[in-house]
Amino acid sequence: MNPTPDTVVIQGAPAHGRYAGRIACIDWAPLQADRGRLWRWLHHKRWHYVGLGNGQLFIGVAIVDVGWTCTAFAYLFDRRRRSLLADWSQDGLPRLQAGVSDEPLAGAHSWFRGPGARLSLVHSAAPDTLALAVAVRGLHLEAVLDLGSMAPPLLAVGPIEGGLAHATQKTTALPVQGWAEASGERFDLGGAWAAIDASNGLLARETAWRWASAHAPDIGFNLQQGYFGGQENLLWLDGRPIPLGAASFAFDAAQPLQPWRVQTDDGLLDLVFTPEGARAQNRDLGIAASRYVQPIGTFSGSVRAFPGAMPRLVRDLLGVTEDHASRW
């Protein structure tokens, strides 16, 4: 994989490709192919998502700016009880109640403020960490994610049908320290591993995807099938990033808690996902709609570093899948 460019726009065009390393900022202002300020305002989507988990729990937190509105969610899934102990979401006014920084990692400062809700993801340079804070109904969380020794993150930049371009910066396993409280129980987050999804693009009004993400120090991966093609499909083996081919997801959309089969067409990844539970939300407001399910569970199967290589066995790797369609 090539090293990350300085900018996602080069000579007025998106720097299409998959890269290994951090980018300072995702800025689409230099794009020559423009459709006007109103179109940008309606189509510019940005989000920071953090998923973290250990043997006891999985936590998902997102702050999303869709241009004309914003939203945030946070949940805590108890793996022992196989149930959500906390499941919160709220909408707000962009710029007034939320902000998602164009800086995906270093310099990141994303936040949401609403009635009874405070969320933030803020970078600190010394030490090189991200501080995640959540104070909402049913869930309080303070966590520090260590960027200092992380494997090279993915930067993917690509075209979007019906939009202009998209970029995403994704990490694999980040060490976590901190705590979370839900349903009167306090959880120690030491020993958890986290992954960041910092995405920023000029997207189509109708956007759909399937996604899979799981991370541990020795094996991690990110897969997407849908609006971004195979641009962000990547495997990390012992910290080494390995591009993957197109992903396929075989599952029953009506029964998402049944096993999923996830594969790539290059033969490098072949896994079965066994859900333990899920967070789901279906909303239709007319001008906007979202159908979303994110099962939490474990992946087992095999991965390979290159075609013909000996398979590397994967067993009980904690992660998520997702089936999502939005009109935004």
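Within 6.0 Å of the CG atom in D6, the count of heavy atoms belonging to other residues, nucleotides or ligands does not exceed 12. Other residues, nucleotides and ligands place more than 12 heavy atoms under 6.0 Å from the CZ atom of R80. For R186, the CZ atom is densely surrounded, since the number of other residues' heavy atoms within 6.0 Å is greater than 12.
Grouping the Ile, Leu, Val, Met, Phe, Trp and Tyr side chains by contacts below 4.5 angstrom, directly or via other members, places V134 apart from Y75. Two different hydrophobic clusters hold L318 and W193 under the rule that ILVMFWY side chains link at heavy-atom gaps under 4.5 Å. When hydrophobic clusters are built by joining Ile, Leu, Val, Met, Phe, Trp and Tyr residues whose side-chain heavy atoms come closer than 4.5 Å, directly or via intermediates, Y49 is grouped together with V66. Linking ILVMFWY side-chain heavy atoms closer than 4.5 Å, directly or via other members, places V100 and F73 in two distinct hydrophobic clusters. Note: the hydrophobic cluster containing L237 also contains L271 (ILVMFWY, side chain heavy atoms under 4.5 Å, direct or indirect links).
Within the 3.5 Å criterion, the main-chain N or O of G114 finds a donor-acceptor partner in the side chain of R118. The closest donor-acceptor contact from the side chain of S326 to the backbone of S290 lies at 3.5 Å or more, if one exists at all. Proximity of a side-chain donor or acceptor of R40 to a complementary backbone N or O of G67 within less than 3.5 Å is not detected. Not one N or O on the side chain of E142 forms a donor-acceptor pair closer than 3.5 Å with the backbone of A133. A donor-acceptor pair is defined here as one N or O able to donate and one able to accept, closer than 3.5 Å; such a pair exists between the side chain of R18 and the backbone of L244. Between the side chain of T171 and the backbone N or O of I196 there is at least one donor-acceptor pair closer than 3.5 Å. At distances below 3.5 Å, at least one donor-acceptor pair connects side-chain atoms of N233 with backbone N or O atoms of G245. The backbone N or O of A194 lies less than 3.5 Å from no partner atom in the side chain of H215, so there is not a single donor-acceptor pair. Judged by distance alone, the side chain of R205 and the main-chain N or O of G162 form no donor-acceptor pair under 3.5 Å. Here the side chain of N222 pairs a donor or acceptor atom with the backbone of E232 at under 3.5 angstrom.
Remark: S83 OG to E276 CD distance equals 11.5 Å, nearest 0.5 Å. The CG atom of L76 sits 10.5 Å away from the CZ atom of F58 when rounded to the nearest 0.5 Å. Atom CG of residue D146 and atom CG of residue D128 lie 7.5 Å apart, to the nearest 0.5 angstrom. T264 contributes atom OG1, which lies 12.0 Å from atom CD of Q225 (distance to the nearest 0.5 angstrom). To the nearest 0.5 angstrom, L130 atom CG is 4.5 Å from L147 atom CG. Taking CD of E185 as the start and CZ of R81 as the end, the distance is 4.5 Å to the nearest 0.5 Å.
The only option from T321, V262, L234, L235 that meets the side-chain contact (heavy atoms from CB on, under 4.5 Å) definition with L223 turns out to be V262. With W236 as reference, L154 is the one residue of I242, I219, L154 to meet the side-chain contact (heavy atoms from CB on, under 4.5 Å) rule.
Side-chain contact check for R327 versus E206: some heavy-atom pair is nearer than 4.5 Å. Side-chain atoms of L269 and F299, non-hydrogen and from C-beta on, never get closer than 4.5 Å to each other. The closest side-chain heavy-atom distance from M150 to R22 is below 4.5 Å. Inter-residue side-chain proximity for E322 and S213 is flagged as unmet; no heavy-atom pair is nearer than 4.5 Å. Here the side chains of H43 and T207 are not in contact, with every heavy-atom distance at 4.5 Å or above. Residues R283 and Y292 form no side-chain contact, since every pair of their non-hydrogen atoms from C-beta on lies 4.5 Å or further apart. For the pair W211 and V320, the minimum side-chain heavy-atom distance is below 4.5 Å. Inter-residue side-chain proximity for D188 and W179 is flagged as unmet; no heavy-atom pair is nearer than 4.5 Å.
Nearest heavy-atom pair across G158 and H16 is CA-ND1, 3.3 Å. In terms of heavy-atom proximity, G239 sits nearest to P152 at O-CD, 3.3 Å. For the pair M1 and P243, the tightest heavy-atom approach, listed with the atom from each and the gap, is CG-CG, 3.4 Å. What you find for V293 and A278 is that their closest heavy atoms are CG2-CB, 4.1 Å. Closest of all the heavy-atom pairs between P104 and H48 is O-NE2, 2.9 Å. Of all heavy-atom pairs spanning Q281 and S89, the tightest one is NE2-OG, 3.1 Å.
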Test side chain to side chain contact (heavy atoms under 4.5 Å, CB included) applied to L52 and L174, step by step = CA-CA 9 Å; L52 66 90; L174 304 175; over 6 Å; no
Please assess D218 against R312 for the test side chain to side chain contact (heavy atoms under 4.5 Å, CB included), listing each intermediate value before the final yes or no.
-> CA-CA 11 Å; D218 55 341; R312 178 92 162 255; 3.8 Å; yes
Report the C-alpha distance between H109 and H123 in whole Å, list the side-chain angles of each, state the deciding distance to 0.1 Å, and finish with yes or no for side chain to side chain contact (heavy atoms under 4.5 Å, CB included).
-> CA-CA 6 Å; H109 187 179; H123 178 252; over 6 Å; no
Is there a side chain to side chain contact (heavy atoms under 4.5 Å, CB included) between F228 and T168 once you walk through the steps?
-> CA-CA 10 Å; F228 205 27; T168 185; 3.9 Å; yes
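The aromatic rings of H166 and Y227 sit perpendicular to each other, their planes meeting at more than 60°, with 30° as the lower class boundary. Between W47 and W209, the angle of the ring planes stays under 30°, which puts this pair in the parallel group of the 30/60° scheme. Note: W260 and F273 have perpendicular aromatic rings, judged against thresholds of 30 and 60 degrees for the angle between ring planes.
Ion pairing between D238 and R240 fails under the 4.0 Å rule for side-chain N and carboxylate O.
L155 shares a hydrophobic cluster with V8, V9, Y19, I23, I26, W28, L31, W39, V157, L164, L202; the chain of contacts runs through ILVMFWY side chains whose heavy atoms sit under 4.5 Å apart.
With sequence neighbours left out, the side chain to side chain contact (heavy atoms under 4.5 Å, CB included) criterion links A253 to F251, D323.
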